[in-house]
Amino acid sequence: MEQEAIAGAVRQQASTRGSKPRIPLPFLRFLYANRSARWSVIILVPILLLTFLAPMLPLQSPLESNIRASMSSPSFSHFFGTDKLGRDIFSRTLAGIKVSLFVGFSVALIALIVGTAVGTVSGFFGKAVDRIIMGIVDIFLAFPSLLLAIGLVAIMGAGTLPVICAIAMADIPRFIRLQRSLVLGLKSRTFIDAARTVQAPQLWLMSRHIVPNTIAPLLVAASIAAANAILIEASLSFLGLGILPPEPSLGNIIKDGQMYLQKAWWISTLPGGVILLIAISLHFLSDGIREALDPRARK
Amino acid sequence: MDIATTAAWKSDKREAVKEPLLQVRDLHTHFFTDSGTVRAVNGVSFNLERGERLAIVGESGSGKSAMAMSLIQLIAYPGKLVSGSVKLDGREMVGMSESELNKLRGGSIGTVFQDPISSLDPVMLIEDQMVKPIRMHLKLGAKEARRHAVNLLERVGIPDAERRISSYPFEMSGGMRQRIMIAMALSCKPKLILADEPTTALDVTIQAQIVELLKNLTETTGSAMMFITHDLGLVARFAQKVAVMYAGKIVEFGTVDEIFDTPSHPYTQSLLMTIPGVSDGQRRRLLQIKGFPPDMKKPVVGCAYKDRCPAASERCRLDPPELAEREGGHLAACWLENGLRSGDGGSIEAMLGEERNEPFASAGSGAANGRDGGREPSAGEAADVVLRITDLRKSFRKASMLPWKKATEIRAVSGISFTLKRGETIGIVGESGCGKSTTARMLLKLEEPTGGRIEMNGNTQIVFQDPYSSFNPKMKIADIIAEPLHVRRIGTREERKERVRELIQKVGLDIAYLDRYPSQLSGGQRQRVGVARALALNPTVVVADEPTSALDVSVRAQIINLLCDLKEELGLSFVFISHDLSTVRHISDTIAVMYLGEIVEYGPAEEIFVHPAHPYTKALIEAVPVPDPKIEAAKKLSLLKGELPSPAHPPSGCAFSSRCPLATPVCTEKKPALQPYLDRREVACHAVS
Amino acid sequence: MLSYAGKRLAQLIVTMFGVVTLVFFSIRMIPGDAASAMAGENLSGAALEEMRQKLGLDAPLWRQYSDYLLSVVRFDFGHTITTSLPIAELMLKALPLTMMIACMTVLIAVLLAIPLGTLAAFLANKGRKALDNIITWAAMVVDLMPSFWTGLLLMLFLSLNLKLLPASGDISFGEPGFMLQRIALPVLVLAVSQVATLARITRTAVLEVLNEDYIRTARSLGMTEILVVFRHALKNAMLPIITVIGLSFGHLLSGTVIVEFIFSIPGIGTLLVYGINSRDYPLVQNVILFYAFIFVVINFITDMVYKKVDPRVQF
């Protein structure tokens with residue numbers, strides 16, 4: 001029902017749009033009107049601000065150690081406490097978030113672009129091209145995604161770039177599949193026939209009719225993919241296969257804390273909570289996009 | 001409400017002490033959506049006598065289905081029965097406990113729904129779906145219940161019921177599934193059957209079979225029936241009483257003769273005038289109801305029909321009329337005693353007929369009067385052939401996964417020929433699967449013919465059936481109309497803009513609509529946009545593939561009039577494809593009747609309708625219900641037996657031989673050719689030539 | 001049914017063939033060459049050559065490929081580099097623990113999630129939003145918790161603080177009681193997220209089905225709500241649920257790697273992490289292959305169950 005309210009809001013918005021200049025006003029209004037989107041902004045914006053303003057804040061640097069303050073519990077001087085080496089977990093977490101977000105958005109972007117392009121071609125042209133592409137996709141989908149990423153990282157080595165590539169490789173087949181099924185669904189729609197009756201060229205059909213109608217579900221999938229990529233990167237780093245210390249990543253901070261779980265619970269638990277928050281906000285974002293662009297919302 | 005109650009009381013007195021089977025009083029059902037409360041049923045009261053067939057007529061959104069579902073209290077969330085009373089056999093159903101209601105549902109009240117495809121559980125055997133309710137209501141053992149179910153299936157005409165009962169719904173045709181739905185509804189000898197558009201999803205000949213079945217069953221079992229439909233023809237064929245609904249209320253209630261002979265409410269009166277008459281020979285311009293039904297989220301002040309009613313007065317705007325008794329005992333909710341016929345302001349035709357689109361009025365003032373003269377193509381035009389189709393064929397191959405299996409060939413169109421002259425309309429009629437849509441797709445080069453020739457003089461454009469899916473939801477109306485120009489790189493940006501403005505006005509829409517998206521338009525408006533787009537490239541032939549079947553009755557007339565006007569003004573030729581015979585008859589000069597990919601009869605529209613030669617044409621025309629109870633009563637239906645054979649395995653010889661009442665051994669051996677018949681017609685039948 | 005199974009089996013074999021090929025070539029795409037990567041920088045030319053031989057990298061490519069295909073078919077994966085143990089044996093020894101964790105998780109998830117999701121859908125369908133919202137929200141949050149984090153939290157509370165379950169100790173089949181206690185936490189960690197995932201899917205699926213026309217038909221025949229939900233809605237909703245159970249098994253396999261790592265359980269996941277850390281490429285390659293094989297087989301079984309529930313499915 002909440003959806004219907006948003007649908008109504010979107011519809012109203014669309015009808016009031018008219019001749020006004022196209023500033024992102026509707027977008028802002030949407031963020032306010034949509035409950036999911038609002039929540040995602042409420043969580044995500046402070047996290048983003050903290051992360052990117054971290055160097056300007058009076059915080060201990062993420063790599064700076066202070067043996068005297070080893071394993072001190074959360075306090076006003078150290079929000080998330082410190083680790084064995086006396087490094088500030090809060091500032092390490094912020095640095096980790098930066099890496100996480102970078103990985104998440106890079107993966108989503110790569111998978112979105114490559115997956116959309118290949119999926120469109122596969123779905124639109126069909127026949128042999130489609131069969132070959134889908135055969136390859138099936139092979140990739142035979143691996144559970146984290147395991148494929150693990151395997152790829154094992155080959156490519158640790159580090160931010162290999163991690164991004166590995167996770168993207170695991171996500172691309174999923175996007176290809178999604179886009180292909182969307183394109184196949186659209187191909188049988190009457191408006192494609194309508195365009196074909198005026199002999200619209202293939203490129204026109206793809207760029208004007210097919211791709212614009214797949215953007216909404218793709219964006220939904222991309223924001224979920226970003227959340228998943230963040231989780232997978234953290235898992236890889238936790239296993240000691242992703243981003244290696246001393247470079248902080250949420251996964252390796254948590255792994256470091258595992259050894260001192262009983263003595264210093266804060267090292268592992270608090271950064272983990274941050275991962276959860278980011279994942280939740282990205283899911284809210286995807287819900288928001290879904291609701292805003294739902295075909296039902298447009299009646 | 002008071003008047004309704006007194007009226008009901010009066011009818012009680014008339015019927016002696018005997019209580020009506022169903023008494024509905026002041027029923028209100030609202031849907032509480034977040035964007036507002038939809039008052040779908042807004043005070044409905046009526047009685048239904050035992051064994052009586054009552055039709056509820058109304059357009060989509062009039063609340064007729066919500067009303068029916070309110071009776072058995074099966075309204076989906078966020079809908080809620082707000083107030084009112086429903087008495088079955090004197091027992092109040094509103095406020096009954098769920099378990100008591102469950103005894104009535106499926107027991108005393110059987111329900112048949114519209115879409116037999118989606119109304120049966122797809123992953124459950126027919127048997128399992130039927131037997132359980134029977135056991136619950138009739139307290140039978142498993143074996144007896146199953147036997148009962150098989151008997152019922154036999155009774156509704158399912159061949160080989162014993163075997164068929166253990167199959168899945170997807171293994172059966174739509175008609176068969178609807179028979180199963182009926183068998184389920186009837187399984188516990190209900191006193192009342194609710195049927196919500198039970199034949200809308202079916203083909204004409206199957207529809208006729210189902211209607212006959214329902215009629216016979218209610219007559220033999222004595223069940224009363226409430227029948228929801230938008231098809232006035234079906235009402236005339238089937239109903240004894242009629243309730244006309246508009247905006248959540250019954251606006252007129254009476255016997256079928258009263259409603260058709262002396263309608264008293266302006267809405268009923270107009271509705272009856274908007275449908276193309278099948279019986280009247282000369283073609284008149286269809287009358288049309290202006291405007292759209294009210295938004296049910298807004299409270300209605302005064303009469304809900306006031307904005308569309310040509311006779312609305314100050315009183316109608318303030319004071320809502322209630323159902324009141326008219327001459328002869330029927331009820332109507334209008335301040336005027338005889339609706340549009342009340343005043344001295346001339347005929348209904350005059351009140352409804354002047355609605356012409358502005359550009360046309362200025363374009364040709366003489367056209368309106370001279371239209372009958374324009375019908376017959378003159379000799380000069382006759383030579384001007386714009387489309388000639390010779391022996392057109394299309395077959396689809398369905399290859400098997402297994403390489404050694406032979407691909408099955410489905411012949412969608414097998415050798416049809418016709419010619420179309422400038423300014424003429426050819427109507428292609430036939431049931432689903434007869435190849436009419438494939439023909440259209442070939443004309444538009446959406447499908448490559450596997451044989452034969454299409455010669456065209458000029459270009460062809462199409463108006464699609466479903467105005468909801470034929471537009472890209474992400475494109476503005478302006479871009480949709482301009483797309484053909486854009487793709488073909490015709491004119492400059494400014495010229496195209498100008499042309500689009502011109503086009504949208506031509507189809508009677510305001511240029512303000514150009515900035516909107518398809519979702520912001522109603523069905524009728526979208527169909528107008530579809531027409532405008534089709535005109536963008538100045539086509540010589542417009543293919544209209546069921547252009548009105550997705551629209552409501554009152555809007556349908558607007559679109560048909562628009563097409564007729566354009567045909568006249570622009571000298572367009574139409575290929576008009578439809579299963580709606582009365583519309584085809586209204587608009588076409590020539591008709592081609594198709595059956596299983598072949599033309600079985602071809603000739604001038606009027607002649608074919610008045611004297612059909614081919615047995616299939618005869619059956620088809622007969623099967624279409626006519627909105628006139630007298631004609632319907634006089635009809636002796638000779639129903640076609642069986643269903644359309646699969647195009648993958650057509651019968652040998654004449655394709656129609658498996659269903660033909662005149663079939664002889666010759667028919668199964670030799671395929672009859674399309675041969676000249678009488679003056680200007682052609683028929684493919686051994687029995688005729 | 002049989003012909004469907006046959007066709008799906010053929011497809012499975014083709015996919016597996018592709019998987020084996022991919023695994024084979026990916027190991028040869030290691031920057032530089034697998035032998036030097038494994039050996040590290042401190043190996044002489046002779047030792048490197050020996051390593052090459054050991055890995056079979058000295059033979060021509062087609063030969064290596066055909067040898068590898070043959071060895072996979074014979075289920076003979078050679079030996080680990082570092083310890084020279086037979087890989088197939090190692091995997092078979094580790095398999096029961098991993099599969100036990102996975103299967104117990106699925107069982108718990110199905111038993112808990114389907115009733116929970118159905119309940120939420122039923123409430124939503126009736127417009128009783130409050131309880132449905134609580135279930136849906138809780139499921140979403142739990143679903144998004146990283147499993148290593150949940151693992152650490154549960155370890156902290158249940159074994160370190162409350163001392164309810166052991167977090168360490170040798171596992172052997174000789175002591176089934178202790179073994180069950182040891183795998184209880186890993187199963188719990190995985191089950192929490194599986195329940196959440198499955199409950200959400202069940203809710204969506206059942207809710208969608210409850211709006212179908214045939215549900216209305218069943219109600220119009222006087223079927224009670226319980227019958228409507230269990231006889232009609234759940235059976236139809238099972239279709240997407242089955243698919244998701246099959247797919248989430250992949251997620252589950254990934255999860256076992258993490259919980260085995262956290263709780264030091266000698267399953268296949270531990271083998272994998274060990275392999276990567278010791279740069280034992282043949283081990284890594286074959287463990288990954290093995291996971292893919294399990295996943296593909298699970299998907300095959302899923303498809304068969306699907307076909308059984310929905311007779312309309314065609315290849």
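Numbered from 1 within each chain, the chains take letters A, B, ... in sequence-line order.
Only the side chain of C:L227 comes within contact range of chain B, with heavy atoms under 4.5 Å apart. C:N125 touches chain B through its backbone: at least one of N, CA, C or O sits under 4.5 Å from a heavy atom, while the side chain does not. For B:L120, the part lying under 4.5 angstrom from a heavy atom of chain C is the backbone only. Looking at C:I215, there are no atoms closer than 4.5 Å to chain B (heavy atoms on both sides), in backbone or side chain. The contact between B:I109 and chain C is made entirely by backbone atoms, counting heavy-atom distances below 4.5 Å. With a 4.5 Å cut-off on non-hydrogen atoms, B:M184 touches chain C through its backbone and its side chain both. Looking at C:A218, neither its backbone nor its side chain comes within 4.5 Å of chain B, counting heavy atoms on both sides.
One finds the NZ atom of B:K189 at 12.5 Å from the NE2 atom of B:H137 (value rounded to the nearest 0.5 Å).
For B:K191 against B:D89, the heavy-atom pair with the smallest separation is NZ-OD2, 2.7 Å. The two residues B:D121 and C:H232 make their nearest non-hydrogen contact at OD2-ND1, 2.7 Å.
Chain C forms the most heavy-atom pairs under 4.5 Å with one residue out of B:G107, B:A76, B:P122, and that residue is B:P122. Options B:P190, B:S119, B:S187, B:G110 differ in how many heavy-atom pairs under 4.5 Å they form with chain C, and the most are formed by B:S119. Interface check for chain B: of the options C:R231, C:E212, C:K235, C:K126, the most heavy-atom pairs under 4.5 Å are formed by C:R231. For the set C:N236, C:D310, C:L239, the entry with the most heavy-atom pairs within less than 4.5 Å of chain B is C:N236.
Dense packing is recorded around CD of B:E409, with more than 12 heavy atoms of other residues, nucleotides or ligands lying under 6.0 Å away. More than 12 heavy atoms of other residues, nucleotides or ligands shown are found within 6.0 angstrom of NE2 on B:H230.
Between B:R146 and B:E162 there is a salt bridge, with a side-chain nitrogen of the basic residue lying less than 4.0 Å from a carboxylate oxygen of the acidic one. With respect to C:E225 and C:R219, a salt bridge is recorded, a charged nitrogen being found less than 4.0 Å from a carboxylate O. Of the charged side-chain nitrogens involved, none lies within less than 4.0 Å of a carboxylate oxygen, so that B:K132 and B:D128 do not count as a salt-bridged pair.
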